[in-house]
2 protein chains.
Amino acid sequence: MAVTLRDVAQRAGVSIKTVSNVVHKRQYVKDSTRDIVQAAIDELGYRPNLSARSLRSGRSGVIGLALPEVRLPYFAELADSVITEAKQRGHTVLIEQTGAEPAAERELLRSPRLQLTDGLIFSPLALSQSDVGLLEVDYPLVTLGERIFDGPCDHVVMDNVAAARAATEHLLEAGCRRIAVIGAHEGEDQGSAALRLRGHQEALDAAGMPRDDRLVGYVGLWHRQDGADAMRRLLASGVEVDGVFGMNDTLALGALRALQDAGLAVPEGVKVIGFDDLEETRYTSPTLSSVDPGRMEIARTAVRVLVERIEERLAGETPAPRRQYTTSYRVVPRESTAG
Amino acid sequence: MAVTLRDVAQRAGVSIKTVSNVVHKRQYVKDSTRDIVQAAIDELGYRPNLSARSLRSGRSGVIGLALPEVRLPYFAELADSVITEAKQRGHTVLIEQTGAEPAAERELLRSPRLQLTDGLIFSPLALSQSDVGLLEVDYPLVTLGERIFDGPCDHVVMDNVAAARAATEHLLEAGCRRIAVIGAHEGEDQGSAALRLRGHQEALDAAGMPRDDRLVGYVGLWHRQDGADAMRRLLASGVEVDGVFGMNDTLALGALRALQDAGLAVPEGVKVIGFDDLEETRYTSPTLSSVDPGRMEIARTAVRVLVERIEERLAGETPAPRRQYTTSYRVVPRESTAG
DNA sequence: TTGAAAGCGCTAACAG
DNA sequence: CTGTTAGCGCTTTCAA
């Protein structure tokens, strides 16, 4: 079966401690000994048993990433960034999908499935302030997004209000006066949808433009289909529209499709901006203006903070106070808001 | 620190074996005992240490999934399917990205990073027949795709030649006579690109159409940009085109964009079909015809076969012979090949 | 610079 | 039905 430290030690004629020292590239091993041991390792094809190492040392080198669904482009790109960053730091990533279901999100945090993970990066969609107690867990946890403001854990967040405000300001500068916003959630007041809606309204207010409820497109999820459906309903209602802010790119692309189906030219008749700066926005027709939420920075920060917590914990230090990290965003103008 | 079986046993006044029996929902536990133990588990918030369980039992409940990059939509959707299917069977998924680099793919198979994984689903891009020896590993391994025909492991594959042939036949039936194919790899003869090119050519041959090298678009990768660039080169060369087969949807969407930039109407002037049936093909403008490669079936089969191998191995059975599984495909006509 | 030995938390064989 | 106990492979004092 598997080759163990003991096998290598026997082959090399040394103790397992010495082999362990070689494996971990520790000093205090005579060069000649190291060579002999290394040769034995290579011959036998020794690979450390990570379960045993993890049991003994208390760390597995695996971090968990919980998100709604990886097939949604934003989360696919986020997962990519997290995996890449984690690899840099010698960690692998285990992915848990919550399907954006509140029950699944709540269960996840207590799930034994995470037990061989050193810590968790969690992008909740459905949790709200009332679930804040659930975030009191006995392992390192970093949350992403803005659902939970005052959780007991570190938190990486983008300024959704300001970013959304910038998106709508961009449409205003492009001359739009009847701006629809697609992606609102009925009755929500602290999720991404609520914050982006607020930013949108702040931009309108600052420009002295009236808020018009008929220009708010409510949706269930933030998929393409939802964007298309909401846009169709808006158009069918007969309300006049010359600009659309999609709360994410997939919504905006769905809306774009609905506009084109209705014979409206983008950007000539209606201008459209999305949010997330997905790769595909560079290849649609027209290319889609968007807000870059600083995905790489979010991933990098989350992984860094999590790894710091893991190490702090392992060292038995008293935990530093929880922090909130705010990343930066920027508007990326493309064809859909040109001219 | 963490609550162990021993703690629970002490609290409940039973032995750890009994607690273990309760945790594993085994029979032969008196109801009254079970209740007491369960109460202790809940009170103490016991969660099994999976590292220890894994060390002892030889299985971690984690399967590895190695792919080029999750941010590529096809792989994002594949990962989603694999994760969903694995969850059904009580496994979690650890993702490794190879970045489509040969060296990374080769290293991965020997990497200790996979050591706490029960088995691996591997979607290689750069390995070739000469690397077949690398696939001789001492853990359960299932490969996806068609790079390696005669590997020593189970293999889930779609019939690329037939599927590509069907795509080009679809264009021929729609009346195309000058069909470009985008995505060929220079000098390759056994990867997806080569197989899909072959299928394309078979369709031309069967229809008695000439092969025209000027209609073959060579690319480096299969990203949108590559599709757009290849299409632009083709158009710039002055060759006549009335149909385009993109070897995957992102290539096709890049090409679509290039066609539209050149003022060509799709589908009126040029018809376009892709491959992968990504969700976004339903929302582009025009919607993109594609070939559904049976992603769910691929994922489901791969996970099932892998889990079977893991169990076979755990039971100490002599391994059944390696098998190849071929999944089904179908052409999905949409607006880009209509009329 | 190297060796001996304890034990991380759990499973399962064996005993009662 | 329930308890006892021997390791799984590794890390890590503590000695030598």
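Proteins get letters first, then strands, A, B, ... in listed order; numbering begins at 1 in each.
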Among all residues two or more places apart in sequence or in another chain, which pass the side chain to side chain contact (heavy atoms under 4.5 Å, CB included) test with [X]?
X	value
B:Leu44	B:Val3, B:Asp7, B:Val8, B:Arg11
B:Asn21	B:Lys17, B:Arg26, B:Val29
B:Arg110	B:Leu134, B:Val137
B:Ala39	B:Glu43

* Determine to 10° how strongly the helix from C:dT1-D:dA16 to C:dG16-D:dC1 is bent, judged from the axes of its five-pair ends. => 30°
* Asked: For the pair made of CG in B:Asp7 and P in C:dC8, what is the distance, rounded to whole Å?
  -> 11 Å
* Asked: Can you tell me if the side-chain N/O atoms of B:Ser15 get under 4.0 Å from OP1 or OP2 in D:dG3?
  -> yes
* Asked: Looking at A:Thr33, does any N or O in its side chain come under 4.0 Å of the phosphate oxygens OP1/OP2 on C:dT2?
  -> yes
* Structure fact -> In 5'-to-3' order, the base (B), backbone-only (S) or no-contact (-) status of each nucleotide in nucleotides 5-13 of chain D, using a 4.0 angstrom heavy-atom cut-off, is BBBBBBBBB
* Beyond-backbone contact of B:His91 with B:Val62, side-chain heavy atoms, under 4.5 angstrom -> no
* To do: Kindly state each residue pair satisfying salt bridge (charged side-chain N to carboxylate O under 4.0 Å, His left out) with at least one member in residues 49-74 of chain B, sequence neighbours excluded.
  => A:Asp80-B:Arg71, B:Glu69-B:Arg71
* Asked: So which pairs with a foot in residues 84-94 of chain B pass salt bridge (charged side-chain N to carboxylate O under 4.0 Å, His left out), sequence neighbours left out?
  -> B:Glu85-B:Arg89, B:Glu85-B:Arg300
* **Which residues share a side-chain hydrogen bond (donor to acceptor under 3.5 Å, both in side chains) with B:Arg323, sequence neighbours left out** => none
